[in-house]
Amino acid sequence: NQELKTKLNEFFERHAHQDLTSQQNAEIFKNLYSQFLNDQHHIDWSSWKFINEEHQVTLRELPLFDKARYEIRKDVVNKLAVIKLNGGLGTTMGCTKAKSLIEVRDGYTFMDLAVLEHEKMCQLYGVDVPLYLMNSFYTDDDTKSYLSLKGYDKVRTFVQSKCPRLDAQTKLPVDDESWGDDAWCPPGHGNIFQSLQNTGVLDQLLSQGREIIFVSNIDNTGANADFQIVKLMLDNHVDYVMECTPKTHVDVKGGTLIEINNQMMHLEMPQVPPEHLPDFCSTKTFKIFNTNNIWVNLKAVKNRLPDIKSEIIVNKKKVRGREVLQLEFSIGGCIKNFANALCVHVERSRFRPVKNLGDFLSLRSSLCDLDTDTFQIHHNDTMGVPPVISMDSSVYTSVEEVNMKFPYPLIFKNCQEFNVIGDVTFGKNVQLTGKVTVEVETQQKYVVPDGTVLNNQHLILKRS
Ligand code: UPG
């Protein structure tokens with residue numbers, strides 16, 4: 001370990017230009033690296049408990065934040081700032097740019113939906129809540145160009161830290177000039193607190209009297225600011241809130257909450273001993289799921305920095321044909337740094353992520369409506385919950401491809417599962433119910449005609 005640490009120091013001496021940001025980033029990485037070398041990565045499965053009742057609240061049961069009376073609670077509305085996590089690329093959806101710039105509904109990108117919904121909310125309450133984006137070095141340039149193109153001049157940005165990727169064999173940074181930015185990565189959204197501090201945004205917000213931040217994934221189209229939670233936090237001196245929702249079979253990979261030694265902890269797959277992964281994925285054992293809608297009191301952040309830590313996540317990737325490791329940590333994992341933390345149970349409508357092309361297809365279907373008065377997406381419950389969608393990955397490789405093959409919204413009527421195998425284009429008003437598979441012979445292209453109704457059917461399309 002000592003030898004690895006010495007080599008790491010030599011790497012930073014060679015690479016860290018003497019500017020403050022590089023030095024701060026090197027410090028952040030050295031701490032992550034030390035955790036990587038020394039920490040126990042799996043929890044002791046016999047030591048965890050379900051979270052205590054007193055650490056849980058249900059949003060629906062909280063007193064409504066009465067818009068008509070907001071005048072008398074300016075103390076609440078003026079204390080909020082909103083931050084969208086915008087460090088990720090759209091690789092899982094076949095896009096090499098910032099994921100937030102993908103057009104997801106009626107020509108609007110994730111970014112448009114986030115910015116316009118925020119503007120409408122501010123108009124409704126007659127307030128000016130600042131909206132920030134936490135960019136990474138991957139997404140910063142594209143994001144800024146887009147903001148300026150669209151005239152979103154009120155949106156502010158800051159850039160998170162930049163850390164080296166490790167070679168999976170040597171466990172040392174990929175030290176190859178020719179790799180450029182590919183040799184680096186952002187160290188996960190848990191890095192938000194250090195990045196707020198290092199960019200000066202934390203002090204700026206505090207000096208403006210902003211006390212509570214609402215942080216969410218930019219791909220979560222259901223994550224709207226809710227003053228009920230700001231009020232709850234201010235009135236009860238709560239430092240950290242994680243919004244959780246009932247876990248379903250599509251949520252097996254996300255994080256959940258547990259307690260170890262009376263301390264609330266975020267549990268994600270990398271911390272689960274391999275023999276207990278089936279327990280972790282089971283919706284019977286773990287009934288709730290982290291939406292990554294997180295609320296934090298900035299005064300508490302300021303008090304706890306620089307020591308805000310969480311378990312590290314070792315993210316394995318293949319880059320330029322080489323196995324690499326990214327050391328990351330999550331904002332959910334940071335819950336354990338805050339004594340007065342709460343789990344707030346919320347409806348599924350606050351968690352509508354678009355993680356893949358299947359989610360994208362759902363968002364464009366009859367299941368959702370975009371309300372352009374509020375820029376919120378409403379989910380049409382009478383059409384049932386979103387189906388599990390699987391599309392042939394050799395055909396449906398990108399958003400453009402899905403748009404071409406599905407030029408019209410699909411009508412899902414209580415559809416639980418939808419699979420497409422092969423190259424199929426779907427016509428207008430195609431309606432799907434139950435479990436539907438559409439399969440074609442390889443190398444052939446087919447069109448499902450307008451008005452087709454498929455009900456619990458495995459349709460095999462063959463050339464006659
Ligand atoms: N992101 C950053 N910086 C990073 C990494 C990610 O800004 O260094 C952004 C990313 O753009 C996205 C968001 O963070 O907007 C979430 O990232 P993503 O990779 O989509 O989610 P995970 O990190 O896998 O999972 C988070 C929580 C998990 C929760 C899940 C809900 O860690 O507990 O269940 O979000 O989608």
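Read the numbers this way: they start at 1 and go in the same order the structure lists the ligands and their atoms.
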**Q** Quick one: which of Arg210, Lys299, Lys302 gives a salt bridge (charged side-chain N to carboxylate O under 4.0 Å, His left out) with Asp203?
**A**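 Testing Asp203 for a salt bridge (charged side-chain N to carboxylate O under 4.0 Å, His left out) against Arg210, Lys299, Lys302 leaves exactly one candidate, Lys302.
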
**Q** State whether any protein heavy atom lies less than 4.0 Å from atom 19 (O) of ligand 1.
**A**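 No; the ligand atom in question lacks any protein heavy-atom contact below 4.0 Å.
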
**Q** Do the charged groups of Lys162 and Asp181 touch, with an N to O distance under 4.0 Å?
**A**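 Salt bridge: yes.
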
**Q** For the 3.5 Å polar cut-off, considering only N or O atoms, please tell me whether Glu268 and ligand 1 meet it.
**A**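 There is such a contact, yes.
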
**Q** So is Phe351 polar-close to ligand 1, meaning N/O to N/O under 3.5 Å?
**A**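 N/O-N/O distance under 3.5 Å: no.
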
**Q** Does Lys355 have a non-hydrogen atom less than 4.0 Å from ligand 1?
**A**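 Under 4.0 Å: yes for Lys355.
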
**Q** By number and element, which atoms of ligand 1 are closer than 4.0 Å to a non-hydrogen atom of Phe289?
**A**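 Ligand 1 atoms under the 4.0 Å threshold to Phe289: 34 (O).
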
**Q** So for ligand 1, is Gly88 a polar contact partner (N or O within less than 3.5 Å, distance only)?
**A**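 It does: an N or O of Gly88 is found under 3.5 Å from an N or O of ligand 1.
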
**Q** Between Lys154 and Asp128, is there a salt bridge with N-O shorter than 4.0 Å?
**A** yes

**Q** Provide the number and element of each atom of ligand 1 under 4.0 Å from a heavy atom of Pro186.
**A** 8 (O)

**Q** At less than 4.0 angstrom from any non-hydrogen atom of Asn292, what atoms of ligand 1 do you find?
**A** 26 (C), 27 (C), 35 (O)

**Q** Short N/O distance, under 3.5 Å, between Gly87 and ligand 1?
**A** yes

**Q** Which one of Asp141, Asp112, Thr139 satisfies the side-chain hydrogen bond (donor to acceptor under 3.5 Å, both in side chains) criterion with Tyr146?
**A** Asp112

**Q** We want to know whether His41 and Gln271 form a side-chain donor-acceptor pair, criterion being a heavy-atom distance below 3.5 angstrom.
**A**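 There is no such pair (donor and acceptor under 3.5 Å, judged by atom type) between the side chains of His41 and Gln271.
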
**Q** For residues Asp251 and Thr248, is any side-chain donor paired with an opposing acceptor at under 3.5 Å?
**A** yes

**Q** Could Lys247 and Phe280 be counted as a cation-pi pair, given that NZ or CZ must be under 6.0 Å from the ring centre and within 45° of the axis?
**A** yes

**Q** Do Trp295 and Phe338 have ring centroids that are under 6.0 Å from one another?
**A** no

**Q** Quick one: look up the protein heavy atom nearest atom 34 (O) of ligand 1 and list residue, atom name and how far away it is.
**A**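 The closest heavy atom on the protein side is Asn290 O, 2.6 Å.
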
**Q** Tell me the protein heavy atom at minimum distance from atom 13 (C) of ligand 1, and give that distance in Å.
**A** Asn217 OD1, 3.3 Å

**Q** With nothing but distance in play, are any N or O atoms of Gly255 less than 3.5 Å from an N or O of ligand 1?
**A** yes

**Q** Checking contacts here: is it the side chain or the backbone of Glu328 that comes within 4.0 Å of ligand 1, counting heavy atoms only? Could be both or neither.
**A** neither

**Q** Do Ser330 and ligand 1 have an N or O pair less than 3.5 Å apart?
**A**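 N/O-N/O distance below 3.5 Å does not exist for this pair.
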
**Q** With heavy atoms under 4.0 Å as the rule, classify the contact between Lys99 and ligand 1 as side chain, backbone, both or neither.
**A**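 It is neither part, as no heavy atom is under 4.0 Å.
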
**Q** Indicate whether the side chain of Asp369 and that of Asn380 have a donor and an acceptor atom separated by less than 3.5 Å.
**A** no

**Q** Here's one to test your reading of the geometry: is the NZ or CZ of Arg165 within 45 degrees of the ring axis of Trp179 and under 6.0 Å from its centre?
**A** no

**Q** Determine whether the side chains of Glu259 and His55 contain a donor N or O and an acceptor N or O closer than 3.5 Å.
**A** yes

**Q** Students should be able to answer this: which protein heavy-atom is nearest to atom 15 (O) of ligand 1, and at what distance?
**A**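 Of every protein heavy atom, Leu85 O, 2.8 Å lies nearest to atom 15 (O) of ligand 1.
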
**Q** With atoms numbered from 1 as shown, which atoms in ligand 1 lie under 4.0 angstrom from a non-hydrogen atom of Gly254?
**A**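 With Gly254 as reference, the close atoms of ligand 1 come out as 34 (O).
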
**Q** Can you check whether a protein heavy atom sits less than 4.0 angstrom from atom 8 (O) of ligand 1?
**A**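 Yes, because at least one protein heavy atom sits under 4.0 Å from atom 8 (O) of ligand 1.
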
**Q** What do we get for Asn220 next to ligand 1 when only non-hydrogen atoms under 4.0 Å count, side chain, backbone, both or neither?
**A**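 For Asn220, there is no contact with ligand 1 at all, from either part.
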
**Q** Between Asn191 and Ser161, is any side-chain donor less than 3.5 angstrom from a side-chain acceptor?
**A**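 Present: a donor and an acceptor within the cut-off.
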
**Q** Among protein heavy atoms, which lies nearest atom 23 (O) of ligand 1, and at what distance?
**A** His189 NE2, 2.8 Å

**Q** Report yes or no: does a heavy atom of His266 sit under 4.0 Å from some atom of ligand 1?
**A**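 His266: in contact with ligand 1 (<4.0 Å).
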
**Q** Please say whether more than 12 non-hydrogen atoms of neighbouring residues, nucleotides or ligands are located less than 6.0 Å from CD in Glu275.
**A** yes

**Q** Quick check on Gly188 - does any of its heavy atoms sit under 4.0 Å from an atom of ligand 1?
**A**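 It does, in that a heavy atom of Gly188 comes within the 4.0 Å cut-off of ligand 1.
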
**Q** List for me each residue that meets ring pair (Phe, Tyr, Trp, His ring centres under 6.0 Å) alongside His276, sequence neighbours excluded, and say none if there are none.
**A** Trp45

**Q** For atom 3 (N) of ligand 1, what is the closest protein heavy atom, and at what distance to 0.1 Å?
**A** Gln160 OE1, 2.7 Å

